[in-house]
Every structure is written in structure tokens, then in C-alpha cells.
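I have placed the structure first, in the form of C-alpha cells, so that the comments after it can refer back to it.
Counting convention: from 1, in listed order, for ligands and their atoms alike.
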Amino acid sequence: MATSLFSDIEYLKGVGKARGEKYRKLGITSPYELIYHIPRNYLDFRAYVPILQAETGSYNVLKLTVTGKNFPQKIKGGLIICNASATDGISQINITFFNNVYAFNALKTGETYYMYGKVSGNIIRRDISSPVYIKADESVLIQPIYKLTQGLSANMIRINMRQALEIMKIYPFETLPSDIMQKYQLMPLTDALKNIHFPLSNINAENARRRLAFDELLKLQLGMLMLKVKQKKSTSFCMDKNIDINDFLNALPFRLTDGQTAAVYEIIADLCKKTPMNRLLQGDVGSGKTAVAAAVCCFAVKNGFQAAVMTPTEILAMQHYKTFTQFLEPLGIKTELLTGSSTSKKRKQIIQELTDGKINVLIGTHAIIQNDVEYKSLALVITDEQHRFGVSQRAALAGKGDCPHRLVMSATPIPRTLALNIYGDLDISSIRQLPNGRSPVKTYAVTGKKREGAFGFVRARLDEGRQAYIVCPMIEDSESDLFAVKTYAESAKKSFLKGYTVALLHGKMKSSEKDSVMERFSNGEIQVLICTTVVEVGVDVPNAAVMIIENAERFGLSQLHQLRGRVGRGKYESSCILITDSKNNECIQRMKIISSTTDGFKIAEEDLKLRGPGDFFGNAQHGLPPLKIADAVCSMELSGMARECAEILLADDPALDKPEHHALKMDTLKLFNKDITG
Ligand code: ADP
Ligand code: MG
């Protein structure tokens, strides 16, 4: 039987057991998967330079004729060194290979090659070591560069790639209908796969990449839309729009802003539908998302259902618990708190009361959706600071119980470019205004020389009755020169904060300790909190009006914005002082942006530009399926087209069951690990 694209990779000529294993290490088990091993970059042999113009110490392409070869030499340690001499017609150069007799033997004296390698030496004697080379009469001068693994050379991969592409020629395939390809001006798939490896020109390579990136974004959008359909199945929690929450609104200590009100009614409208809500509420730090959440929980409870609010940290759970109790208890609504550190007795009791329906609203960390936590009628699940929960968690929640309504809240506004790819399965509400009477936080970036001045400023605000945060990047002293909260607090208590009440807060403290510190900071007993970024998410103490951030260079833009959002939450004018001695350009750029605006949407866009999507959420927490070719934001235009295309395809064939959509469906399911079905 002839080798097909789906044969084992070992069926390719020259790939035995050993090389096959190497390929498997790269996740490649068949010629088909090999073809999808997309080059990271290209080596363009057309861009060669004369030997004398080659930059020493770096990689260059040279066009060289081999003039002589020496016999390979074995030196100590078994290393084999091979030398050859060559010329570009003007000057001479020495070629050295280490332990690569194979590459050396393939060179022929008198023959001309393009060579790429590190050039060293001086005017008198130059060397190029371990070059990659091709014959000068080779027709393909742009060579692919692949991710390699030990023992699998670029050359081997290229040779096997050509074989795999030959097989593809016999069995060509296509995943897109031709009208779609025409509409979006996409290259046929097999052409794209051939050209992505061996392009004839830069434009050629770009078009190939565009087609393959489109494929990925299309699968992403198909998956998002199918997930949306899965989530929209039907719910038994259809609520009554005639029930009002006026008593809640009247009892609030403030009037909701227009933005909050609009969000509340968008959500209530969703809750009254027969399909479960699936909505993202995004609002800048301090825009008052908690009150919106409490309002809609109240609505659900008045409809006779239960609600759950899930937070990423215990501090935040604790704080929400207090706020919700304050707002809801007077209305006869019972709220409880369940976290990882609840005692087992308490936990038992809570589970009992949830089943009985005595508890109306449960607040906590992800402990609240564990399997043994059963509700009488859970109709609404709210997750706060959603960017920490990815697509697969959303899909898992969607599969739970009787399809409760879901609201996710995020204080990191998602740039539009990214929203489509990350939250393509959600509807979005945005609160774009802050409550009245807030003046924007004044932000200053200064060097360490101004530290004393900053301390004086903090003391003056403390003396007026305000409270302060001081943020450091580390918990304990380390070899780096970064500030650590423990030593910082010790020395502050003895020096510039002598006579003030100071406390520590960091992630390694027991949660009971953290709670008690937060409690005392919240009620004003503690004046200054010296903390790590544990205060980043959601902490709300309106009397805190000044923040110092040490080693500000250590934090990304969105993180600085989140941290700064801990002040300016009440009626007092607030300030944030960023201290950094870094002269790094990108850092200076960040300091400029953060001091010039408090608009979270703008900051998010800038952050994305500076860092790229991978780092935007820190450690790839965006929860997207891994994309190989498309950068999730590489092109808003391409993402938009993929979205439109996915809508067209699904309108015609909602489950992609038609035979011509089979391949697309399989690929989509694979990308999402099947999360989107069922
Ligand atoms: P976030 O959107 O960052 O979660 P919070 O819900 O914590 O913001 O609200 C920030 C602060 O603003 C809280 O102290 C809250 O009581 C207050 N707040 C919320 N809504 C209003 C409003 N409409 N008017 C005045 N203060 C409000
Ligand atoms: Mg919040």
C-alpha cells in the first residue's frame, strides 16, 4: 500500500524508528501532521553579502565557492572538526564544522553554495562556523526554519517535508467551499501548505500564511459559535419580568449610574428569556459592578431561585460577602460565604441549607461549584474577574445542572480586537462611566530620588484621616534588588511610618490572617497596608486615597491600572505614585501611558500593543485554545472575516453535518478538545 498522509511518520523514506521518535517528540506522528509543522521563519539566501561586509559575531548569508577541504580531525573529548576553505571571488574564508562530517562530506570542491552561519575573525582571517547551506543553482532560495529537536536537523525536516508534500500532491484536500475561498480571496489549502514551506517570494509566503491563519481563526469562531448554541439550549429558569427590585434600589446607599442601570436591565431581560444568559459585564475598576451583581441576584431570588457568585481569591469573596449581606439582608435575602478555608462543619451546614433552599445567595471561591455542592434551584452563576477563567471552564460550567444563567464580570476591558476571539461566545455589556463625584486618580512616575518626598506626601494624607497602600513586588528579600514587603514594613515602622499603624498583606499569609488584616484595614484600624499584588483584584476600601508602587517597572500596564484602581474609590481626591529607576524604553513608555490616562479601555489597547496577546493576561491566562499560526490579534480584519464566515457556514449547516463540512467540523472539535459539543 502506498504511503498516505495519515500513515505513520516512519513510512516516509529515511525515517526509521529513531527519527520517528524524534518526530513524535515534536508531536508529529504522520506526514499530515508534518505538513502542519509550520516554519517559524525563513532563511532568505537571496540576501547574501560579500565576506568583507559580513558582520563578525553575527549570522550572515555568504555566496561561497569551496576551494579546498582538509581531512577531518579528531580532538580531545571525541569532537571531530572539519575545515574547508572558500572564496567569494574577492576574499577568503575558513569554513568549520563541528561533529558534522555528513554536512562536510556533502560539500564539493569547486562548487558554489549559499551559506548561512555565524561569522567570526578579523580582516586577515575570517571563519564561518557550522553553516547551513544550499547549492547556488538551487531554485528555492527561501528556506524554511523549523522548531527543531535534538537529533533532527533542519535539513532532514526539509527533505521529509518535500516527501510529505509529494504525497499531498497525489491526495489533495480542501476544507473550505470554493465560494468562501473566492469571497475572502484565499489560496487553496494545498497550495497554501506547499507555499508556507517553500515560498517562491515573500508575498507568496504571506498569502499562504493568511490562508492558514484564516483557517485557524475560522475554527476558533466556529467553536465559539457552537459553544454559544450549546449554552443557549434551554433553561428552566425563565424569570418574570414583572417582578421589580425597587425595594433593593431604594435601600441602596447611592443611586445607580446610568451605565449600571442599563447593565442591570440588559441582564434582567436575559434572565427572562427561555435560553440561558451568557453575558460578559465589563466595566473599568471602580465602575460599580458589585452593585449590579447584587441587583440581579436580588431579582433572581425574588423569582424564587438561588444565585452563586464566584471569585478568584478569598479576600474578594469575603468582601463581596460583606457587601451583599449589607445590601440584601434587610430585604430578607440570606447570603452565605463558602471558601477553601471554611471549616468542614460550616461547609456541611451550608450544603444542607443550600439543598433546603434556606440560603438564597452563595458567595465564594471555586469551592462553590464543586460536585458535592448541590443547590435547590441554582439559576444564576456570576463569576467575578473573569479573565482568570478560560473557555474550557466556561464550557464546563455550561454543562452543569439545569443550564443556569451566567454572568461574567471583568475589570480588564478587553480590546475589541481580542474580545471577538476570546469572548466570541458571549454577549457583552459595558459600563463606561464611573459613579459621580469621583475625581480621577492623579498619577506620578518618579525615580527613587523622590522617595522621601513621596513619604512626606503619604504622611500628610494619613494625618488628614486617609489610608494608604504601599505595593512591593516581592514577599521576601531575594538576590534581586527588588523591594520585599517584609523588610520594607520592618524598616518603615521604624522610620518614615513611625507612630502610624502599619500592616503586611501578601499571598503566603494564612487566609484567616489575610481576612483579619483586610477587616482591620477596611474599618480604619490599620492606616497603611504594605502589600504585594494580592490587593490587585477587586479590593474596595473607599477611604484609601494614596498608593505608592515600588519597582513599578515590574508591573504591566493593565496590572498597574488594576492596582491603582484600589484608590480613588470614594469621595476623596486620590494619588498614585509610581517609583522606578528603570531606564528601559518600554518601561518609560508604560509610565507615560499610565500617568496620562485613567481610561481602562485605552490602557488595555496600549498594553496589548506593547506586549502582544500572549502576555496580555499574564502567563497566557486568556484560556484560548492554542493557535499555531494565527496570532489571536494579528489581524482584526482577518478575525472579523473569520467570524462572518463562521456565521454564514453555521446558518446553512448549524452542526456542520454536511459531508463537505466534515473536515472543518473534525478540526474544530479537535481545537476545542470537544468542549463545544453535547
Ligand atoms: P468594581 O466595578 O471595580 O468592582 P465596585 O463594585 O467595587 O467596583 O464599586 C466601587 C465603589 O463604588 C464601591 O465602594 C461602591 O460602593 C461604590 N459605588 C458603586 N456604585 C456606585 C454609585 N452608583 N454611586 C456611588 N458609589 C457607587
Ligand atoms: Mg470588582
Side-chain angles (χ1 to χ4, degrees), residues 245 248-265 267 279-298 309-328 361 363-365 382-389 407-414 428-441 466-467 469 518 521-524 533-545 547 558-574 576 598-601 603-604:
I245 51 165
F248 171 86
L249 297 175
N250 293 334
L252 268 185
F254 44 74
R255 272 179 60 112
L256 292 186
T257 62
D258 292 349
Q260 285 171 309
T261 306
V264 167
Y265 287 105
I267 295 164
R279 185 171 285 276
L280 169 70
L281 172 61
Q282 55 175 353
D284 213 340
V285 277
S287 59
K289 294 183 292 296
T290 316
V292 172
V296 300
C297 282
C298 173
V309 181
M310 185 157 66
T311 64
T313 66
E314 294 197 2
I315 292 184
L316 202 51
M318 179 76 190
Q319 181 185 293
H320 278 349
Y321 171 64
K322 277 179 58 188
T323 314
F324 273 63
T325 315
Q326 184 201 330
F327 290 165
L328 299 177
V361 180
I363 295 176
T365 50
I382 300 179
T383 47
D384 198 7
E385 308 301 340
Q386 164 68 14
H387 60 273
R388 299 180 183 222
F389 301 98
L407 178 69
V408 299
M409 305 200 289
S410 173
T412 307
I414 311 301
I428 298 182
S429 295
S430 301
I431 308 178
R432 285 199 160 251
Q433 100 210 98
L434 298 182
N436 282 337
R438 300 266 178 86
S439 41
V441 179
R466 303 289 76 76
Q467 288 162 282
Y469 296 98
M518 273 323 293
F521 188 62
S522 195
N523 63 30
T533 52
V534 286
V535 296
E536 176 193 347
V537 176
V539 170
D540 183 42
V541 179
N543 189 47
M547 172 178 275
S558 294
Q559 205 176 14
L560 288 172
H561 182 60
Q562 280 290 324
L563 284 168
R564 174 174 63 180
R566 299 312 112 218
V567 293
R569 299 175 80 84
K571 53 183 184 284
Y572 308 106
E573 183 166 294
S574 302
C576 178
T598 51
D599 179 341
F601 281 85
I603 289 169

Does Gly283 have a heavy atom less than 4.0 Å from any atom of ligand 1? no
Could you list the atoms of ligand 1 found under 4.0 angstrom from a heavy atom of Arg255? 22 (C), 23 (N), 24 (N)
Judged by non-hydrogen atoms, does Arg438 sit under 4.0 Å from ligand 1? yes
Would the number of heavy atoms belonging to other residues, nucleotides or ligands and lying under 6.0 Å from CG of Asn523 be above 12? yes
Is the closest side-chain heavy-atom distance between His561 and Asp284 below 4.5 Å? yes
Chi angles and distances behind the side chain to side chain contact (heavy atoms under 4.5 Å, CB included) call for Gln433, Asp258: CA-CA 8 Å; Gln433 100 210 98; Asp258 292 349; 3.9 Å; yes
Tell me whether Thr311 contacts the main-chain N or O of Thr313 through its side chain, where contact means a donor paired with an acceptor under 3.5 Å. yes
Evaluation steps, side chain to side chain contact (heavy atoms under 4.5 Å, CB included), between Gln467 and Val541: CA-CA 9 Å; Gln467 288 162 282; Val541 179; 4.0 Å; yes
Could you tell me whether some N/O pair between Val285 and ligand 1 is separated by less than 3.5 angstrom? no
Heavy atoms only, cut-off 4.0 Å: how does Gln260 contact ligand 1, side chain, backbone, both, or neither? side chain
Under 4.0 Å from a heavy atom of Leu256: give me the atoms of ligand 1 that qualify, with their elements. 23 (N)
Any N/O of Gln319 closer than 3.5 Å to an N/O of ligand 1? no
Near Thr290 (heavy-atom distance under 4.0 Å), the atoms of ligand 1 are 4 (O), 5 (P), 6 (O), 7 (O)
Does any donor atom in the side chain of Gln260 or Thr257 lie under 3.5 Å from an acceptor atom in the other side chain? yes
One finds that the ligand 1 atoms under 4.0 Å from a non-hydrogen atom of Arg569 are 1 (P), 3 (O), 5 (P), 7 (O), 8 (O), 9 (O), 10 (C)
Which of the numbered atoms in ligand 1 are under 4.0 angstrom from any heavy atom belonging to Thr257? 23 (N)
Checking Thr290 against Phe324 for the side chain to side chain contact (heavy atoms under 4.5 Å, CB included) test, could you report, in this order, the C-alpha distance in whole Å, the side-chain angles of both residues, the deciding distance, and whether it holds? CA-CA 8 Å; Thr290 316; Phe324 273 63; 3.8 Å; yes
